[in-house]
Each structure stands twice: as structure tokens, then as C-alpha cells.
Amino acid sequence: MMKVICTMAHLLHCLVIFTILIAMAATVTPITHQHFKEASKFYNSPACLSISEPYILCSHQALHVAMTIDKAYIRGSMAAILSVLQHSSCPHNIAFHFLISATANASLLRATISSSFPYLYFRLYPFDHSSVAPLISTSIRSALDCPLNYARIYLASLLPSCIHRVLYLDSDLILVDDIAELAAIQLGDNSVLAATEYCSANFVSYFTPTFWSNPCLSLTFANRKACYFNTGVMVMDLDRWREGDYTRKIEEWMEIQKRMRIYELGSLPPFLLVFAGNIVPVDHRWNQHGLGGDNFDGLCRDLHPGPVSVLHWSGKGKPWARLDAKTPCRLDALWASYDLLDTSFAFDS
């Protein structure tokens, strides 16, 4: 009888241990169990200006790139970084500025980036979303409601004031051309940003009937040739942004949205309300977007006609998710060539 009791006690003990281990595994975030390979080192071409590392942060000659990084998109971010460096003629002159959630494990993120890119110059900027969170309305896709998705609105205040110009990139894209060409685009005398415009898109559909039926609100676009533009790739003049207090202008539209529901699509419409018709248009090759399909089904899409410098998987379907599910689209193979995930770790599978 005593032997049976001991055996039962042992089984119960094992069951408790097993339950604890399962619970621990369930709470591990994707960042902690994704291991990334070290990327090759890339070198400046002889024609590049030499910038010493202590001075790159505030150097006018440096190319400043801003991105967000979180646990859901870390794999995409690592691929995007690799693509930027691989095709850059002056990779050592690029300073990366990564916006992260204030609650994220900054040490882990820093170690993850450094292990794959030991020679990369970068800084992390915790984004306290307490001020923007109350302004966020639910949209047609939950991923668009993440507060970090709105961090681009606050770049001018998050980055040091010595940075006057920045190129913002989404995490679900890859570059196949030298980023310096895009970063050098001229913004003219007044424009705050440059992005790809699509004037053939149905601009009216980005706002609700409530917006268009309100004479005061719809007059927002009077005397403006307002076209849809994608905010996943933007050249931004931070000095002009600060001077024009554009963060506050976008927030004001978000406040109206909370009261009246004038749009359905995350952080894009407030940008359109403030900037549509007043940006410098960029050649479409710098943002071949929509490769993730629409926001509901995420079905496969092909490239738009013309040359390609940036492939952008905006929409619901992300290439890493489709590859893992063994249901890739044809163009996902292009993204896979930049994927740094180390699949030798069995836990990741």
C-alpha cells in the first residue's frame, strides 16, 4: 500500500512540474525564443565619406533610418535591416533609430540586434504610449491598433533635436536598391514629408460617410489635390515637423475620430487628413506596397507594373507567417532570402 501511495505522490509531483513548464513556455514572448543568425559584414565603398562613430548620431552626412521593433514583427525588422545594409553603398554611414515599447525588454532587443549586426550603429527609443493610447480607435484589423504603430507620429520628439531628417521604414518590407537615393529626395521649400502617392486609388473610401456628409469636415480637402499615400516609407523633415506642431494636428483628428468615427483604418487616415495633397511624391518603385493583400484575407498579390526598389508586404498577409504555414505566395520567396531566423533551433519550429 505504501508503494502505491509513493507512486501516486511521484506522479502528482511530475504533473505539477509539467504544468508549470507548460505555463512558462506559454508566457515566453516570440523574441526570447527566436534566434537569428549573424549577417555578413558590409563595407563602405571608397567614395563614401568617413564618419567616426562618436559623431554619426548628429552628423548631417549620416543617413538616419527610423523603424519600430516589437515581438510580433522582430523577424521582419531583422530582414529589413539586412536588406538596407546589403544594398547600401555606404552602410557604415547609416544610423538606425529603433522605436520600441516602453514595456519591452530593451536589453534583450539590443542583444538580439547586436548579435546579428555586430557593426551596426543603432539606438533604442522607448515609446511611452500612455498619451496616444486613449486616442486610438478600433480599426478593421487589430494589428493596426497597436500603440507602437502610432509611434511614427512622435518621431520628431523621440529622436534627438540634432537629427533634422529621417527616413521612416515599416518592418514588413525589404529594399533591393541603395537607400541613399531615396533619402536624398528634395522636399522643396515647404513640404514636411515625401512618400509614394497613388492618385488612382479611391480616396473617398478611406473615410466614412459621416466624414463626407459633414460640410465642415469634408472641406478639409478643399483646394488640395488629395491622393492616397502609404506611410510605410516616408522621408521626413523633422525640423519642419516640429515647427508646424504636426504631432498635435494629427492628434486633433484622432480626437474627432473618437467622437464621430470618421475613418476605419488605423494610423493612416490622420496622416492623410493632415498631409494629403501637400507632400512630395516619390516614384512608385520606392514602395511597391500591398504585397500582404488586403486587411481581411491577406491574399497573394503581384507587383505593380514598373521597376522595383522596395517590396512592401502591407496588408494582413506577412511573408514569414505564410512561409511558416507552408502557404507562401510567389513573392514571399524574395523576402525569404533576407530572413535571418536560425531554424536550427528546434524550439522555434
Side-chain angles (χ1 to χ4, degrees), residues 66 132 135-137 139-141 144-145 149-156 165-170 173 182 185-290 292 294-295 304 310 312 314-315:
V132 73
L135 299 177
I136 298 175
S137 303
S139 61
I140 60 176
R141 183 160 61 91
L144 301 176
D145 302 336
N149 195 41
Y150 290 80
R152 71 194 80 184
I153 298 170
Y154 299 90
L155 270 170
R165 184 184 177 100
V166 71
L167 175 56
Y168 175 82
L169 299 176
D170 270 351
L173 55 77
L182 173 60
I185 190 169
Q186 297 300 309
L187 294 178
D189 296 329
N190 301 306
S191 295
V192 179
L193 59 86
T196 52
E197 272 189 335
Y198 289 86
C199 293
S200 59
N202 183 8
F203 189 80
V204 173
S205 66
Y206 288 94
F207 302 94
T208 65
T210 299
F211 174 84
W212 293 114
S213 63
N214 186 306
C216 294
L217 296 179
S218 58
L219 280 174
T220 302
F221 296 112
N223 303 317
R224 290 162 61 181
K225 187 182 177 183
C227 297
Y228 160 78
F229 66 89
N230 185 273
T231 57
V233 180
M234 296 186 292
V235 180
M236 306 173 67
D237 187 313
L238 298 184
D239 288 337
R240 292 177 183 175
W241 186 289
R242 296 173 183 121
E243 291 167 3
D245 196 16
Y246 285 102
T247 295
R248 183 58 201 154
K249 290 176 181 177
I250 291 176
E251 287 179 334
E252 287 173 351
W253 280 113
M254 293 173 68
E255 290 169 354
I256 293 174
Q257 159 74 353
K258 292 290 285 189
R259 299 195 303 268
M260 301 180 63
R261 194 71 179 178
I262 58 175
Y263 54 79
E264 304 286 354
L265 194 63
S267 62
L268 170 63
F271 263 91
L272 297 179
L273 285 161
V274 174
F275 292 110
N278 293 323
I279 71 169
V280 172
V282 175
D283 191 284
H284 288 183
R285 70 186 176 96
W286 287 109
N287 194 352
Q288 286 265 1
H289 72 289
D294 61 24
N295 283 296
H304 308 292
V310 174
H312 186 186
S314 57

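Model, not experiment: these values are computed from the prediction.
- Side-chain contact between Phe207 and Leu217 is absent, with no heavy-atom pair separated by less than 4.5 Å.
- Using cut-offs of 30° and 60° for the angle between ring planes, the Trp212 and Phe203 rings count as perpendicular.
- Closest of all the heavy-atom pairs between Arg261 and Thr210 is O-CB, 4.0 Å.
- Side-chain contact between Val280 and Gln186 is absent, with no heavy-atom pair separated by less than 4.5 Å.
- For the pair Tyr198/His284, a side-chain contact is recorded, criterion being any heavy-atom separation below 4.5 Å from C-beta on.
- Between Arg152 and Thr231, the side chains place a donor N or O and an acceptor N or O closer than 3.5 Å (distance only, hydrogens not considered).
- Between His289 and His304, the two ring planes are tilted [angle within 30° to 60°].
- Residue Val235 is tested with Val166, Leu182, Leu193 for a side chain to side chain contact (heavy atoms under 4.5 Å, CB included); the sole match is Leu182.
- For the pair Asn230 (side chain) and Ala195 (backbone), a donor-acceptor distance under 3.5 Å is absent.
- Ile153 is not listed as a side-chain neighbour of Val132, based on a closest heavy-atom distance of 4.5 Å or more.
- Scanning all heavy atoms of the two residues, the minimum distance from Val233 to Leu173 falls at CG2-CD2, 3.7 Å.
- Nearest heavy atoms, Ser137 versus Lys258: OG-CD, 3.1 Å.
- Considering only heavy atoms from C-beta on, Asn287 stays 4.5 Å or farther from Phe229 through its side chain.
- For the residue pair Ile185 and Ala194, the shortest heavy atom distance occurs at CG2-CB, 4.1 Å.
- The line from CG of Leu219 to CZ of Arg224 is 11.5 Å long, rounded to the nearest 0.5 Å.
- Partners of Thr220 under the side chain to side chain donor-acceptor pair (under 3.5 Å) rule, at least two apart in sequence or in another chain, do not exist in this structure.
- Side chains of Leu268 and Tyr263 form no contact here, defined as non-hydrogen atoms less than 4.5 Å apart.
- With 3.5 Å as the limit, one finds no donor-acceptor pair spanning the side chains of Tyr150 and Glu251.
- Looking only at side-chain heavy atoms (C-beta outward), Glu255 and Leu135 come within less than 4.5 Å of each other.
- With rounding to the nearest 0.5 angstrom, the CZ atom of Phe275 is 8.0 Å from the CE atom of Met234.
- Taking the salt bridge (charged side-chain N to carboxylate O under 4.0 Å, His left out) definition, one finds that Arg165 meets it with nothing, sequence neighbours left out.
- Residue Glu197 comes nearest to Gly277 through the heavy atom pair OE2-N, 4.3 Å, listed as atom of the first residue, atom of the second, then distance.
- When the salt bridge (charged side-chain N to carboxylate O under 4.0 Å, His left out) test is applied to Asp294, no partner is found at least two apart in sequence or on another chain.
- Expressed to the nearest 0.5 Å, how far CH2 of Trp253 lies from CZ of Phe211 amounts to 5.0 Å.
- Considering CD of Glu252 and CD of Gln257, their distance stands at 15.0 Å, rounded to 0.5 Å.
- Ser205 places a side-chain N or O within 3.5 Å of a backbone atom of Asn202 that can act as its donor or acceptor partner.
- Thr196 and Trp286 share no side-chain donor-acceptor pair at under 3.5 Å.
- Distance check: Ile262 CD1 to Leu273 CG gives 5.5 Å after rounding to the nearest 0.5 Å.
- Closest approach of Met260 and Asn214 over heavy atoms only: CE-ND2, 3.7 Å.
- For Lys225 (side chain) and Cys199 (main-chain N/O), no donor-acceptor pair under 3.5 Å exists by modelled atom type.
- Arg141 contributes no side-chain N or O that, together with a main-chain N or O of Gly266, makes up a donor-acceptor pair within less than 3.5 Å.
- Atom CD1 of Ile279 and atom OG of Ser191 lie 8.0 Å apart (nearest 0.5 Å).
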